[in-house]
Number of protein chains: 2
Amino acid sequence: MRETAEARLIESAQELLWERGYAATSPKAIQRRAGAGQGSMYHHFPGKADLALAAMRRSAGQLRESADEVLSGPGDPYQRLCAYLRCQRDVLRGCRIGRMTADPEVMASPALREPVAATFAWLQGRLAEVIAQARDAGTLAADLDPAATAATIAAVVQGGYVLARAAGSEEPFEQATAGALALLAAARPQEPE
Amino acid sequence: MRETAEARLIESAQELLWERGYAATSPKAIQRRAGAGQGSMYHHFPGKADLALAAMRRSAGQLRESADEVLSGPGDPYQRLCAYLRCQRDVLRGCRIGRMTADPEVMASPALREPVAATFAWLQGRLAEVIAQARDAGTLAADLDPAATAATIAAVVQGGYVLARAAGSEEPFEQATAGALALLAAARPQEPE
DNA sequence: GTCTATATTTTGATAGAC
DNA sequence: GTCTATCAAAATATAGAC
């Protein structure tokens, strides 16, 4: 095999954590998906928590990278904000990082929680920067608080996943983001005719 | 004891499902909290899934009742919408129903998913009604889609929980709801001076 | 580095006495 | 209705051969 067993273990853990969360993912299931035995896994990682941490850090990095691609991409700040809300997502699978907040074992472990906290702190900060730029450029109302609006946009996406998974349909997610875009459009200084 | 063992089992299951989700809640933990033995639980319920379903249905009913208290309460439709976003919540514990969407065993079981789907379908419908009333009363822009805006508001609350739990602080939730209120205010036909 | 065998604990449930 | 065994399977490792 081209990839090392260690890399395959991390990738398998990423997939299973996304699909089933931490508590419901057994070391055995990770090994099976990676095509590795017990001995291999415990040689590379002290235990399940350490492997999960490596997987979560990698997922967090990938999430951050793909979000920044849009938020630092082409277009003026307002357009990049809209692009973030509109960009393609695996809606029914939900957010690889956000779903960890519902896992009791992740929430109980400061080490496992850290990448989750750091990812959302970064996302809200980056969104707030783009919102402040849009406001300074006059494409968003001057009285909008960048930090609050950033939290709203991040929450719409995370909550959209919850509604979509509850319904078993992507529709609530599409509605939630479309509704947010309409509210943002209403908050532009010069309302379009 | 004043309460029956059956009622105490359901209440204990409600609490544990809220704290830890379904997969991570063992029958033994429910029994311990309810002060009931194995035999008692298996006498009243065929198994864990049936007890959890009773607990989820009860939580769903309570959630619906408290949401409707605000949405059908005093004030004009726009004020009731704001009241829904502002009302007191146990932010760091999150949503008893919404958190179930992250539980792999709940999502895999149509029976366990049903109350989750029904609760959010009801909430979005009820929010859309109030939004349509606000629009008809002229207190919200006529071009806002009630269903989309309802999904946005429900998503802000659900996503707010995710951000708050990730941060270990209520602040992101307060920011997300405050940001949503500011956007709604910007979508009023006559902007306030 | 990887394998197989074994150990310990927990889970979710059953059996049968009271 | 409730209790106390008891049980089979799984989770999470550890031990030691190769």
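Here is how names work: the chains are called A, B, and so on, in the same order as the sequence lines, proteins then strands, and each is numbered from 1.
When DNA chain C is scanned in the 5' to 3' direction for atoms under 4.0 Å from non-hydrogen atoms of chain A, the outermost contacting nucleotides are C/dG1 to C/dA5.
Using a 4.5 Å heavy-atom threshold, the side chains of A/Arg135 and A/Asp143 count as separate. When side chains are defined from C-beta on, B/Glu174 does not count as touching B/Glu171, because their heavy atoms never get closer than 4.5 Å. Using a 4.5 Å heavy-atom threshold, the side chains of B/Arg188 and B/Thr139 count as touching. Between A/Trp122 and A/Asp68, some side-chain heavy-atom pair lies under the 4.5 Å cut-off. Put simply, the side chain of A/Leu127 does not reach to within 4.5 Å of the side chain of A/Thr149, judged on heavy atoms.
For the pair A/Arg126 and A/Phe120, the cation does not sit on the ring face, since its NZ or CZ is not both under 6.0 Å from the ring centre and inside 45° of the axis. For the pair A/Arg99 and A/Trp18, the cation-pi test (distance below 6.0 Å, angle within 45°) is failed. Note that B/Lys48 lies in the cation-pi zone of B/Tyr22, set by a 6.0 Å cut-off to the ring centre and a 45° limit from the axis.
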I'd like a table of atom pairs between the protein and nucleotides 12-14 of chain D - only N or O on both sides, under 3.5 Å - with the distance next to each one.
{"residue": "D/dT12", "atom": "OP1", "partner": "A/Lys48", "partner atom": "NZ", "Å": "3.2"}
{"residue": "D/dA13", "atom": "OP2", "partner": "A/Lys48", "partner atom": "N", "Å": "3.1"}
{"residue": "D/dA13", "atom": "N7", "partner": "A/Gln38", "partner atom": "NE2", "Å": "3.4"}
{"residue": "D/dA13", "atom": "N6", "partner": "A/Gln38", "partner atom": "NE2", "Å": "2.5"}

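Taken to the nearest 0.5 Å, the CG atom of A/Asp90 stands 9.0 Å off from the CZ atom of A/Arg96. Rounding to the nearest 0.5 Å places CG of B/Leu123 at 7.0 Å from CG of B/Leu71.
Stems are defined here as 3 or more consecutive Watson-Crick or G-U wobble pairs with pairing distances under 3.5 Å; those involving DNA chain D are C:1-18 with D:1-18.
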